[in-house]
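Note that ligands are numbered from 1 as they come in the structure, with each ligand's atoms numbered from 1 the same way.
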Amino acid sequence: MAILNILKEGDEALRKKCREVEEITPRILRLLDDMHDTLEKAQGVGLAAPQVGVLRRIVIVEIDDKKYEMINPVIIDKKGKQEEIEACLSVPNKYGSVVRPTWAKVRAMNRNGEIYEVEGEGLMARCFCHELDHLDGILYIDKAKEMYDPEDIEEA
Ligand code: NI
C-alpha cells in the first residue's frame, strides 16, 4: 500500500486516451489498492488511473459507504441534466460549474474480472461522468461554464 503522487493540470499524462485493461495482473490489483489509499488521503470522491500517471482505463469512486472499483468502465445509459459545482484533485484550488446527467448507469469490471452494472444519481452520477472523462484525457475545466476560486465558494 502506498500513497501515489497525483498529477496536476499541465501534465501531459492527464490529456492522453487510456488503454483498456486486458488482464487483471497483481500490478493492477496493487494499483487499485494504492489508488484507494491515495484517494482517502486526498479526501476526494473519485480518482482515475491517469491522475496517478497510469494510462489505463481504471477508476475508483468512494462516496459515503459506497465504494466502486471500475475497470474498463463505460456509461451505458444516462438521463436528465444537473448543473453543480465540481472540483478535481488534479486542478487544486479551483471550482467550476458543469452540466452533467442527473442519473447514469455504468458497466465495468471488478477486480475479480466480473462485469457488473451500477446506477448513480446526483453526486454519484456526476462523479461517474467526471472520472470516466479522465480516461479520455478530458478534464472538467474543459466543460465548465464558469470557474471559481475558493473564496467565491465560501461567500456563496
Ligand atoms: Ni478529476
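Each side-chain hydrogen bond (donor to acceptor under 3.5 Å, both in side chains) pair with one or both residues in residues 51-63, not counting sequence neighbours, appears once here: His36-Glu62, Gln51-Ser90, Arg57-Asp136.
No donor-acceptor distance shorter than 3.5 angstrom exists from the side chain of Ser97 to the backbone of Ala144, with no hydrogens or angles considered.
Residues satisfying the side chain to side chain contact (heavy atoms under 4.5 Å, CB included) criterion with Glu114, sequence neighbours excluded, are Asn110, Asn112. Asn5 is linked by a side chain to side chain contact (heavy atoms under 4.5 Å, CB included) to Leu7, counting only residues two or more places apart in sequence or in another chain.
Between Glu83 and Lys145 a salt bridge is recorded (basic side-chain N to carboxylate O distance below 4.0 Å). For Glu84 and Arg100, the salt-bridge test fails: no basic side-chain N is under 4.0 Å from an acidic carboxylate O.
Excluding waters, the set of protein N/O/S atoms under 2.8 Å from the Ni ion (ligand 1) reads Cys88 SG, His130 NE2, His134 NE2.
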